[in-house]
Amino acid sequence: MTDNRIRSIAIVGGGTAGWMTASALSKVLGRDYAKITLIESDAIGTVGVGEATIPQINIFNRMLGIDENDFVRRTKGSFKLGIQFVDWGRKGHTYFHPFGKYGVDMEGVSFHAYWQRLYQSGLAPWIDEYSIQAKAAECGKFMRPIDAGNSPLSQISYAFHFDAGLYALFLREYAEAAGVVRHEGKITRIVQHGENGFVEAVELEDGSRIEADLFIDCSGFHGLLIEGALQSGYVDWSRYLPANRAMAVPCAGKEDITPYTRSTARDAGWQWRIPLQHRIGNGYVYCSDFTSDEAVYDTLLANLDGEPLAEPRIIKFTTGHRKKYWVKNCVAIGLASGFMEPLESTSIWMIQSGIARLLSNFPDRSFNPVDIERYNRVITTETEEIRDFLILHYKATERSDTPFWNYCRTMEIPERLAEKIAVFENSGRCFRENEELFNDTSWFAVMTGQLMKPRTFDPVAQLLSLEETQSRLKQIQTAVTNSADYMPKHRDFIRDNCAA
Ligand code: FAD
């Protein structure tokens, strides 16, 4: 049999997507399988935002064999236990979307069901009391999970905030050490085969030409190859996720580094607050049909914790995704593949997922269309599932105080989401479908937090008597409170383990 394997891979773009892809491919394929080249343009630069993650990034770091303390130190990062949502369901109301689970399931029935039963009768406090993440976040505490049996301390689930620019540099070092060759320069032309339209080479301003068997388009919003050359097309989700701009600005930090991202609903969108060791990242994500850049500027600057460290800058986008993520011999990863807005920090996860699925469908030079079709189908489904979870935050609100929130509250939503909402409104049940990214805890946290009220509770929550349920929930609440008390302050944990 002839050796038809991919011999050369060109990664176009050196942002988070490009360097994550380069690191992972070099780790998994090793030095000898294929030559890996990454092309990036210093003049064009990177989008430079993208600082909050979800716990799945730990899988990526472990796969690379990265030392976590070193990674946090080098990216001036901090730890994240979830997201605090302010003013979303109603002005003046705050809730927490924690990583990890609430309480423990009992007699095969979800904790959510028991809590719902008690809460509806006024016999249980708010759900956050049963989450170690939410409780620790409230107290500004953090530690990694320890082996402590059934204790909530064994169940701490976390992700990171980090400086996106430093993260790309960190991974660049890793990938270059593993044999990836970096080529700096601006691509000015994409050369396609006359016969089949496959990408043959990219040509740079300096006249150099880089050929490859497989191209990975990590060129950011441009989609230089996937759209510019291969014209994949774009599925526009603006009607569901109307934000189309973000204004971002870093500001001086505080001594206390909060172990969570904050998302505050604003008149025409929402504002993020992401604490790092050396600064706080801030940005207002908004829809320009409902407000002006000037109004956003004023709101953003009026709501910073410290002095701004740069002039605010605007990033424009259209929510949605490429019709095909993989066309011929080109796979788009990162912003080149689409963008759904940063509300639940899912973009870096989508990069990770794209890389993992590319590796599990890794082509040879015949580029089997069945593999490509499968890749496109799976990523499309994954993206749609995340989209629905994001829409929920906008749709499930009591807010009617601005035209933006009126639009969101009354907009049409995808059928699958409408069904999930109908199920919750009836019995308080939440479920994870297939292998969707967000599990039942996440759906429950956001539905409950956005003040959706079920008509009744799950009937199986009557398996335990009311008294027994109250007693067990009390025990869980006490264990969570004691565990949070035991944990060190987040800032002390960083100081002792991974200070920059
Ligand atoms: P980019 O960073 O734009 O990199 C593109 C690369 O392509 C650059 O190196 C550039 O030089 C190169 N390039 C482009 N054109 C050419 C050319 N002609 N020649 C040579 N090189 C070229 N994600 C999260 O997970 N969490 C978050 O909290 C989060 N917040 C976000 C907030 C906002 C406002 C936005 C817009 C995004 C956010 N994201 C977030 C998404 C995250 O920023 C991106 O997924 C991530 O940075 C990956 O970007 P990228 O590498 O695809 O693109």
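For reference, positions follow the sequence shown, starting with 1. Indexing begins at 1, ligand by ligand and atom by atom, following the structure's order.
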(request) Looking only at protein heavy atoms, identify the closest one to atom 18 (N) of ligand 1 and say how far it is in Å. (result) I187 O, 3.2 Å
(message) Among all the protein's non-hydrogen atoms, which is closest to atom 14 (C) of ligand 1, and how far away is it?
(response) S219 O, 3.4 Å
(request) Identify which one of Y102, W443, F389, W88 satisfies the ring pair (Phe, Tyr, Trp, His ring centres under 6.0 Å) criterion when paired with H97. (result) F389
(message) Evaluate A17 for polar contact with ligand 1, using N/O atom pairs at a separation under 3.5 Å.
(response) yes
(message) I need the nearest protein heavy-atom contact for atom 2 (O) of ligand 1: residue, atom name and distance, please.
(response) V47 N, 3.0 Å
(message) Closer than 4.0 angstrom, basic N to acidic O: yes or no for R172 and E176?
(response) yes
(request) Note the single closest protein heavy atom to atom 30 (N) of ligand 1, along with its residue, its atom name and the distance in Å. (result) P342 CB, 3.3 Å
(message) Check the orientation of F290 and Y407. Use parallel for under 30°, tilted for 30 to 60°, and perpendicular for over 60°.
(response) tilted
(message) Atom CZ of residue position R374 - does it have more than 12 heavy atoms of other residues, nucleotides or ligands inside 6.0 Å?
(response) no
(request) Any chance you could measure F79, atom CZ, to F160, atom CZ, to the nearest 0.5 Å? (result) 6.0 Å
(request) Flag T16 as yes when one of its N or O atoms lies below 3.5 Å from any N or O atom of ligand 1, and as no otherwise. (result) yes
(message) Checking the N or O distance criterion of under 3.5 Å, is ligand 1 in contact with V49?
(response) yes
(request) Select one of side chain, backbone, both or neither to describe which atoms of F339 lie under 4.0 Å from any atom of ligand 1, heavy atoms only. (result) side chain
(message) Quick check on the 6.0 Å ring-centre criterion: do F367 and F198 meet it?
(response) yes
(message) Heavy-atom pairs closer than 4.0 Å: do any link ligand 1 to the side chain of T53, the backbone, both, or neither?
(response) neither
(request) For W272 and ligand 1, answer yes if some heavy atom of the residue is under 4.0 Å from a ligand atom, otherwise no. (result) yes
(request) Taking only heavy atoms of G334 into account, list the atoms of ligand 1 that are under 4.0 Å away from them. (result) 52 (O)
(message) Once you restrict to heavy atoms under 4.0 Å, what part of E51 touches ligand 1? Side chain, backbone, both or neither.
(response) backbone
(message) Among all the protein's non-hydrogen atoms, which is closest to atom 15 (N) of ligand 1, and how far away is it?
(response) I44 CD1, 3.5 Å
(message) Can you tell me how the ring of Y95 sits relative to the ring of F85, calling it parallel under 30°, perpendicular over 60° and tilted otherwise?
(response) parallel
(message) Which option wins on minimum heavy-atom distance to atom 6 (C) of ligand 1: S345, C218, S337, A336?
(response) C218
(message) So that I can tick it off, tell me whether E173 and R74 are bridged by a salt bridge, with the cut-off set at under 4.0 angstrom between side-chain N and carboxylate O.
(response) yes
(request) Decide, yes or no, whether a salt bridge links D42 with R182 under the criterion of side-chain N to carboxylate O below 4.0 Å. (result) yes
(request) List the closest protein heavy-atom neighbour of atom 29 (C) of ligand 1: residue, atom name, distance to the nearest 0.1 Å. (result) G50 CA, 3.2 Å
(message) Tell me the protein heavy atom at minimum distance from atom 34 (C) of ligand 1, and give that distance in Å.
(response) A246 CB, 3.4 Å
(request) Would you mind telling me if ligand 1 is within reach of the side chain of S347, the backbone, both or neither, using heavy atoms under 4.0 Å? (result) both
(request) Within a distance under 4.0 Å of any heavy atom of G185, pick out the atoms of ligand 1 and give their elements. (result) 19 (N), 20 (C)
(message) Is the contact between T188 and ligand 1 made by the side chain, the backbone, both, or neither, using heavy atoms and a 4.0 Å cut-off?
(response) neither
(message) Whether R273 and D305 form a salt bridge (side-chain N of Lys/Arg under 4.0 Å from carboxylate O of Asp/Glu) is what I want to check.
(response) yes
(message) When you measure from the side chain of Y158 to the backbone of P145, do you find a donor-acceptor pair of N or O atoms at a distance under 3.5 Å?
(response) no
(request) Look at atom 10 (C) of ligand 1 and find which of G48, A168, G220, G45 reaches it with the closest heavy atom. (result) G45
(message) Can a donor-acceptor pair be found, under 3.5 Å and without considering hydrogens, that links the side chain of K323 to the backbone of Y234?
(response) no
(request) Looking only at distances, please establish whether an N/O atom of ligand 1 is found under 3.5 Å from an N/O atom of I348. (result) yes
(request) Starting from atom 26 (N) of ligand 1, find the nearest protein heavy-atom neighbour and note its residue, name and distance. (result) A52 O, 2.7 Å
(request) State the atoms of ligand 1, each with its element, that fall below the 4.0 Å cut-off from a heavy-atom position in I351. (result) 45 (O), 48 (C)
(request) Kindly confirm or rule out an N or O of S41 lying under 3.5 angstrom from an N or O of ligand 1. (result) yes
(message) Less than 4.0 angstrom from a charged side-chain N to a carboxylate O is my criterion; do D213 and R7 meet it?
(response) no
(request) First locate atom OG1 of T37, then atom CD1 of I216, and finally report the distance between them rounded to the nearest 0.5 Å. (result) 11.5 Å
(request) Determine, for E227 against R322, whether the closest basic-nitrogen to carboxylate-oxygen distance falls under 4.0 angstrom. (result) yes
(message) Less than 4.0 angstrom from a charged side-chain N to a carboxylate O is my criterion; do E51 and K76 meet it?
(response) no
(message) With respect to G14, determine whether any N or O atom, backbone or side chain, lies less than 3.5 Å from an N or O atom of ligand 1.
(response) yes
(request) Would you check whether I274 has a nitrogen or oxygen atom less than 3.5 angstrom from a nitrogen or oxygen atom of ligand 1? (result) no
(request) Using distance alone, determine whether G13 and ligand 1 share an N or O pair under 3.5 Å. (result) no
